[in-house]
Amino acid sequence: MKTLHLILLVLPVIFYYLDALLPKGYIFDPVKLQELSKISIETGNGNTTQVMSNLVALLQEEYGSQHVNGMEMDKWFFNNAGGAMGSMLILHASISEYLILFGTPLGTEGHSGVHLAHDYFTILSGEQMRLAPGEIEPTVFRPGDQNYLPRGEATQYVLNGWALELAQGWIPSMLPFGFLDTFTSTLDFYNLWKTVYLTGVNMVGQLLIGKI
Ligand SMILES: *[C@@H]1O[C@H](CO)[C@@H](O)[C@H](O)[C@H]1NC(C)=O
């Protein structure tokens with residue numbers, strides 16, 4: 001009993017300590033990401049494939065190709081979460097950050113999820129609309145705009161296009177949101193395997209070069 005009390009007392013302290021330490025692991029800067037996105041949109045000239053490949057090249061230049069994957073077409077997979085569906089490519093995944101290309105030109109709608117991470121969603125093409133409870137009119141984000149969702153908050157959103165998404169916080173805690181629709185809805189286990197495998201490979205790869 002005494003041991004249990006001690007554990008219950010110590011655990012939150014450890015969490016607060018690690019939580020305060022986590023931002024030291026961050027390498028990506030949301031302001032820089034928005035700036036590079038705007039350049040890529042400009043030079044991509046309305047061709048979204050070109051916008052993405054320009055952006056990935058700029059990201060690799062800025063952050064190093066040891067931290068940013070290339071545009072490998074066979075590494076894309078579906079993501080079903082919160083009622084929304086899109087496809088995504090992991091550019092970076094570690095314990096404290098992920099950077100992905102995410103979206104669909106077909107349009108999708110859903111719940112953002114409630115996460116232990118800040119989220120910066122920079123539109124590359126198309127449009128995103130966001131609604132928080134109590135708001136009557138949606139907030140609209142267009143190419144070059146950045147939608148910031150603070151840790152712990154949630155919104156409804158509609159996305160019809162593509163975005164560069166940065167999450168900073170406890171990335172492993174976000175994964176169940178990305179996985180669970182496989183069991184309750186899609187039963188797409190190949191896609192789940194691809195998601196888990198690629199996330200794992202990236203996280204372990206980053207840990208091995210000292211990036212948390
Ligand atoms: C868009 O860019 C890609 C990559 O450079 C190219 O393969 C494709 O043909 C372009 N599409 C159009 C419609 O120009």
OH/Tyr197 to CZ/Phe77 distance, rounded to the nearest 0.5 angstrom? 13.0 Å

Closest approach of Ser94 and Met203, non-hydrogen atoms and distance? O-CE, 3.3 Å

For Thr182, which of Thr195, Asn80, Leu192 qualifies under side chain to side chain contact (heavy atoms under 4.5 Å, CB included)? Leu192

If you take all heavy atoms of Leu159 and Gln128, which pair is closest and at what distance? CD1-CB, 3.9 Å

Once you round to the nearest 0.5 Å, how far does CG of Leu6 lie from CG of Leu11? 9.5 Å

Inspect the contact between Lys194 and Asp188 and indicate whether a charged nitrogen and a carboxylate oxygen are less than 4.0 angstrom apart. no

Without swapping roles, check the side chain of Glu135 against the backbone of Ala132 for a donor-acceptor pair under 3.5 Å. yes

Going by the salt bridge (Lys or Arg N to Asp or Glu O under 4.0 Å) test, which pairs reach into residues 83-112, not counting sequence neighbours? Glu97-Lys211

Between Gly70 and Val56 the two heavy atoms that sit nearest each other are CA-CG1, 4.0 Å

Do the side chain of His111 and the main chain of Gly113 share a donor and acceptor less than 3.5 angstrom apart? yes

Asp145 side-chain N/O to Arg142 backbone N/O, donor-acceptor pair under 3.5 Å: yes

Return the CG to CG distance between Asp29 and Leu36, rounded to the nearest 0.5 Å. 9.5 Å

Over all atoms of both residues, closest heavy-atom pair of Ile95 and Pro172: O-CD, 3.4 Å

Glu35 and Lys32 ion-paired at < 4.0 Å: yes

State the OG-CG distance between Ser112 and Asp119, to the nearest 0.5 angstrom. 8.0 Å

Where the side chain of Asn202 meets the backbone of Leu198, is there a donor-acceptor pair that is under 3.5 Å apart? yes

Atom CH2 of Trp76: over 12 foreign heavy atoms under 6.0 Å: yes

My understanding is that only one of Ile123, Leu164, Thr122 makes a side chain to side chain contact (heavy atoms under 4.5 Å, CB included) with Gln146; could you say which? Thr122

Just by modelled atom types, is the Thr186 backbone N or O under 3.5 Å from a matching donor or acceptor in the Asp181 side chain? no

So which atom in Pro143 and which in Leu124 form the shortest heavy-atom distance, rounded to 0.1 Å? CB-O, 3.9 Å

Let's go through His115 and Phe177 carefully: what are the C-alpha distance in whole Å and the side-chain angles of both, what is the deciding distance for ring-ring contact (aromatic ring centres under 6.0 Å, His included) to 0.1 Å, and is it a yes or a no? CA-CA 9 Å; His115 303 293; Phe177 180 69; 5.0 Å; yes

Could you measure the distance from the CG atom of Asn47 to the OG atom of Ser53? Nearest 0.5 Å is fine. 8.0 Å

Taking all heavy atoms of Gly86 and all of Phe102, pick out the closest pair and write down the distance. CA-CE1, 3.8 Å

Under the rule for ring pair (Phe, Tyr, Trp, His ring centres under 6.0 Å), what residues qualify as partners of Tyr157, not counting sequence neighbours? none

Flag, side chain of His92 to backbone of Val68, donor-acceptor distance under 3.5 Å: no

Donor-acceptor pair, distance only, cut-off 3.5 Å: does the side chain of Asn191 make one with the backbone of Phe78? yes

Verdict with supporting geometry, Leu59 and Leu91, side chain to side chain contact (heavy atoms under 4.5 Å, CB included): CA-CA 9 Å; Leu59 289 168; Leu91 299 177; 3.9 Å; yes

Any chance you could lay out the ring-ring contact (aromatic ring centres under 6.0 Å, His included) test for Phe28 and Tyr63, step after step, and finish with the verdict? CA-CA 8 Å; Phe28 296 103; Tyr63 295 107; 4.6 Å; yes

